[in-house]
There are 2 protein chains.
Amino acid sequence: MGIADDAVEIRAHGWRTLAALHGIIESALEKDLSAEVGLSVVEYTLLDALNRQDGWHMRMAQLARATALSPSATTRLVSRLEDRALLSRVLCADDRRGIYTELTHAGQQLYRKAKPIHDATLERVLKEAEQQPELAPLARILPQFPSA
Amino acid sequence: MGIADDAVEIRAHGWRTLAALHGIIESALEKDLSAEVGLSVVEYTLLDALNRQDGWHMRMAQLARATALSPSATTRLVSRLEDRALLSRVLCADDRRGIYTELTHAGQQLYRKAKPIHDATLERVLKEAEQQPELAPLARILPQFPSA
DNA sequence: GCGCATTAGTTGCGTGTGCAACTATTTAAC
DNA sequence: GTTAAATAGTTGCACACGCAACTAATGCGC
């Protein structure tokens, strides 16, 4: 097996590690967030994205990108959260095709309640992953990225 | 904002990067694999796991772990592949609750056809990700894990 | 201005998913 | 041995997802 073949296998192995760690983190977050505040991971991700904009609004396409969801899934996700009065759709004047979304007060409150749970679970799961040889290399490196 | 708070934010940022890269890779693999060989990503992952056992069989729970799927989803995934005659269920004698699965000849053939596509797409997507500042740190590190 | 391609977002539809409840088998208790 | 607890896998069900087709608004060519 030559060097090029090795590279292929190492990439594949890295991808399996990435997928495994992703699955573990996501299901742990899903479990805790839904139990404590009734939010799924994508729902939290969307609230988090809106909140990091700090009062500013985002368009559907930006939300789709932030959540790694299709346009149709984003529409329904926003609709669900709007039905729960956590955010509101706002037509934007300059481009009447576009739709802005912004957090309501209730949405901000729920986000502030959810964030500590999210962060604690993430910390716990990463610590656990560091103990597993298969996941450790990735889990250890994750908190060392440029804070941007 | 203190050091502990920074750590929380850096972890969260790392998780967002991980999730973003995961989404990009998965959707690219999904697109190419389904177009070229009619396999979804989880289907390929399962065939790959079975193949890496090199002729040996795996139990449902092991497959569930390898694919990061629930027991019920694993049951249906295996059923789909069995219906397509890519693998076969084998009752195991010593524990009659357990079920082994093993690749059929057609399954091995399809896997060998799918693997180059999978590997090429993975290489391409990782190269693209290295160009994006948000993803680059993770994309560059991924192929540097212990080959194990 | 007028028509055509493009973009933003939404809906119909089929499908894969997790949870909870279930059956079947094994293991432990005594 | 008989009964209870635990484990392996499967099914009913509700729901979130992506794709393709759609509507509405914008921008571009001329």
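Residue numbers begin at 1 in each chain, while the letters A, B, ... track the order of the sequences. Predicted model, so just to flag it, every value in this text is computed and none were measured.
Partners of A/V37 according to the side chain to side chain contact (heavy atoms under 4.5 Å, CB included) rule, which considers only residues two or more places apart in sequence or in another chain, are A/L33, A/L39, A/L110, A/K113, A/A114, A/I117. Every residue meeting the side chain to side chain contact (heavy atoms under 4.5 Å, CB included) condition with B/E128, not counting sequence neighbours, appears here in chain and number order: B/R124. For A/Y44, the ring pair (Phe, Tyr, Trp, His ring centres under 6.0 Å) partners are A/Y111, A/H118, not counting sequence neighbours. For B/R97, the salt bridge (charged side-chain N to carboxylate O under 4.0 Å, His left out) partners are B/D95, not counting sequence neighbours. For A/Q144, there are no side chain to side chain contact (heavy atoms under 4.5 Å, CB included) partners two or more places apart in sequence or in a different chain.
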Under 4.0 Å protein heavy-atom contacts per nucleotide of nucleotides 7-14 of chain C, with B for base, S for backbone only and - for none: BSSBBBB-
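A straight line from CD of A/E26 to P of C/dT17 spans 13 Å, rounded to a whole angstrom. Here D/dG27 presents its P atom at 12 Å from CZ of A/R96, a figure rounded to the nearest Å. When the C1' atom of D/dA8 is taken as reference, atom CG of B/L63 falls 13 Å away, rounded to whole Å. For the pair B/E30 CD and C/dT17 C1', the interatomic distance rounds to 13 Å; values are reported in whole Å. The separation between B/R65 atom CZ and D/dG9 atom P is 15 Å, rounded to whole Å. A/L77 places its CG atom 6 Å from the P atom of D/dC17, with the value rounded to the nearest Å.
Nearest-nucleotide mapping onto DNA chain D: of A/D94 and A/S70, the residue sitting toward the 5' end is A/S70.
A salt bridge links B/K115 with A/E9: the distance from a Lys NZ or Arg NE/NH1/NH2 to an Asp or Glu carboxylate oxygen falls below 4.0 Å.
The stretch residues 80-88 of chain A touches DNA chain D through A/R80, each having a heavy atom under 4.0 angstrom from the strand. Near DNA chain C, defined here as any heavy-atom distance below 4.0 Å, there are no residues from residues 15-22 of chain B.
With C/dT17, D/dG18, C/dT26 as the candidates, the nucleotide lying closest to the side chain of B/L69 is C/dT17.
Side-chain contact annotation: B/Q62 with B/H57, donor-acceptor N/O pair under 3.5 Å absent.
Residue pairs meeting the salt bridge (charged side-chain N to carboxylate O under 4.0 Å, His left out) criterion with at least one partner in residues 16-25 of chain B, sequence neighbours excluded, are A/D48-B/R16.
As a member of the Ile/Leu/Val/Met/Phe/Trp/Tyr network built from side-chain separations under 4.5 Å, A/V8 groups with nothing else and remains a singleton.
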Can I get a per-line list of side-chain donor-acceptor pairs under 3.5 Å for residues 80-87 of chain A, giving both atom names and the distance, sequence neighbours left out?
{"residue": "A/R80", "atom": "NE", "partner": "A/E43", "partner atom": "OE2", "Å": "3.3"}
{"residue": "A/E82", "atom": "OE1", "partner": "A/R89", "partner atom": "NH1", "Å": "2.6"}
{"residue": "A/E82", "atom": "OE2", "partner": "A/R89", "partner atom": "N", "Å": "3.4"}
{"residue": "A/R84", "atom": "NH1", "partner": "A/G38", "partner atom": "O", "Å": "3.1"}
{"residue": "A/R84", "atom": "NH2", "partner": "A/G38", "partner atom": "O", "Å": "3.2"}

All N/O donor-acceptor pairs, side-chain side in residues 19-31 of chain B, below 3.5 Å, sequence neighbours left out:
{"residue": "B/S27", "atom": "OG", "partner": "B/G23", "partner atom": "O", "Å": "3.0"}
{"residue": "B/S27", "atom": "OG", "partner": "B/I24", "partner atom": "O", "Å": "3.2"}

